[in-house]
Amino acid sequence: MDREKGDGNTILLTVIGVATLLVALVGATFAYFSTQVNNESNQSMSISTAAPVGLQYLGQQFELANIIPGTTNSEEQGRFTVTNPSTSTVDQQYDLELVIDENTLNNIDGDGQLLLSITSTTTGTVKKIGDATNVTEITNGLQWDLTDGANVPKKYQFVDDKRIAIGQTDEYQMTLNFVNFEDKTQDNNQGKSFRAHIDLTNPVSVK
């Protein structure tokens with residue numbers, strides 16, 4: 001009888017011991033120490049996108065009325081510039097196009113009477129674009145024979161993706177020459193007209 005009692009006490013103590021161990025484990029699972037973060041040297045990130053100031057095109061309209069063979073515009077008339085203002089935040093790039101709006105002039109025996117040259121102080125800026133057969137390369141620029149009298153408007157891109165730094169100004173010069181052929185009669189171009197303009201296109205910000 002006493003042996004059975006002793007065995008019962010042993011079992012009871014074993015159960016109590018296991019239960020106590022389980023309580024200790026559960027308690028350890030949920031026990032923790034709170035702490036604080038020292039954020040005196042925190043790292044932050046901030047970005048802002050660029051807002052470039054628009055490119056500035058500066059030129060002037062010039063009209064040559066009642067011209068005769070041998071007429072050429074003045075240097076000041078043909079000068080124009082493109083500027084990336086100093087208030088801009090990024091470099092930019094642009095294209096330039098010559099757009100023919102009206103042209104009733106005709107060739108004489110295959111010789112063009114109206115020649116337009118565009119040059120730049122920056123070598124290689126003005127360059128031939130496309131397959132235009134009436135465009136020839138000259139020093140620092142191009143020359144167009146514009147005496148074809150039809151199919152307007154026409155566009156000739158002569159500057160392609162020209163990069164311009166902050167505060168930089170690109171200078172260009174146009175020379176319009178109504179050629180004088182001393183050995184030919186040029187009466188068939190009396191009373192004719194020609195109009196054109198320059199377009200600054202595709203301005204984009206570049207890194």
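Note that this is a predicted model, so its numbers are computed, not measured. Just so it is clear, the values below take in all heavy atoms, side chains as well, and ignore hydrogens, waters and symmetry mates.
- Here the side chains of Asp161 and Asn202 are in contact, with some heavy-atom distance below 4.5 Å.
- Note: His197 NE2 to Asp101 CG = 5.0 Å, rounded to the nearest 0.5 Å.
- Ionic pairing of Asp91 and Arg163 is present here: one or more N-O contacts between side-chain nitrogen and carboxylate oxygen are shorter than 4.0 angstrom.
- At a threshold of 4.0 Å, the pair Lys128-Glu137 does not count as salt-bridged, since none of the basic side-chain nitrogens sits closer than that to a carboxylate oxygen.
- Here the CG atom belonging to Leu146 is positioned 6.5 Å from the OH atom belonging to Tyr156, to the nearest 0.5 angstrom.
- Between Asp145 and Leu115, the closest side-chain pair of non-hydrogen atoms falls below 4.5 Å.
- The hydrophobic cluster containing Val206 also includes Val204, under a criterion of side-chain heavy atoms closer than 4.5 Å among ILVMFWY residues, counted directly or through chains of members.
- Between the CD atom of Gln92 and the CG atom of Leu55 there is a distance of 4.0 Å, given to the nearest 0.5 Å.
- Rounding to the nearest 0.5 angstrom, the gap separating the CD1 atom in Ile198 from the OG1 atom in Thr201 is 11.0 Å.
- Of the N and O atoms on the side chains of Thr119 and Asn140, not one donor lies less than 3.5 Å from an acceptor on the other residue.
- The side-chain heavy atoms of Asp170 and Lys162, taken from C-beta on, include a pair separated by under 4.5 Å.
- At a cut-off of 3.5 Å, with distance as the only test, a side-chain donor of Thr72 or Asn177 sits close to an acceptor on the other residue.
- Annotation for Met174 and Leu116: closest pair CB-CD1, 4.2 Å, computed over non-hydrogen atoms.
- Summarising the geometry of Ser120 relative to Thr125, their closest heavy-atom pair is OG-CB, 3.9 Å, with the distance given to 0.1 Å.
- Considering CD1 of Ile164 and OG1 of Thr169, their distance stands at 6.0 Å, rounded to 0.5 Å.
- Considering all non-hydrogen atoms of both residues, Ile166 and Ser88 come closest at CG2-O, 3.7 Å.
- Between Ile118 and Trp144 there is a side-chain heavy-atom pair separated by less than 4.5 Å.
- Ring pair Tyr94/Tyr172 is perpendicular by interplanar angle, where above 60° counts as perpendicular and below 30° as parallel.
- Side chains of Thr175 and Ser117: no donor on one and acceptor on the other come within 3.5 Å.
- Note that CD of Gln168 and OG1 of Thr81 are 11.5 Å apart. Values are rounded to the nearest 0.5 Å.
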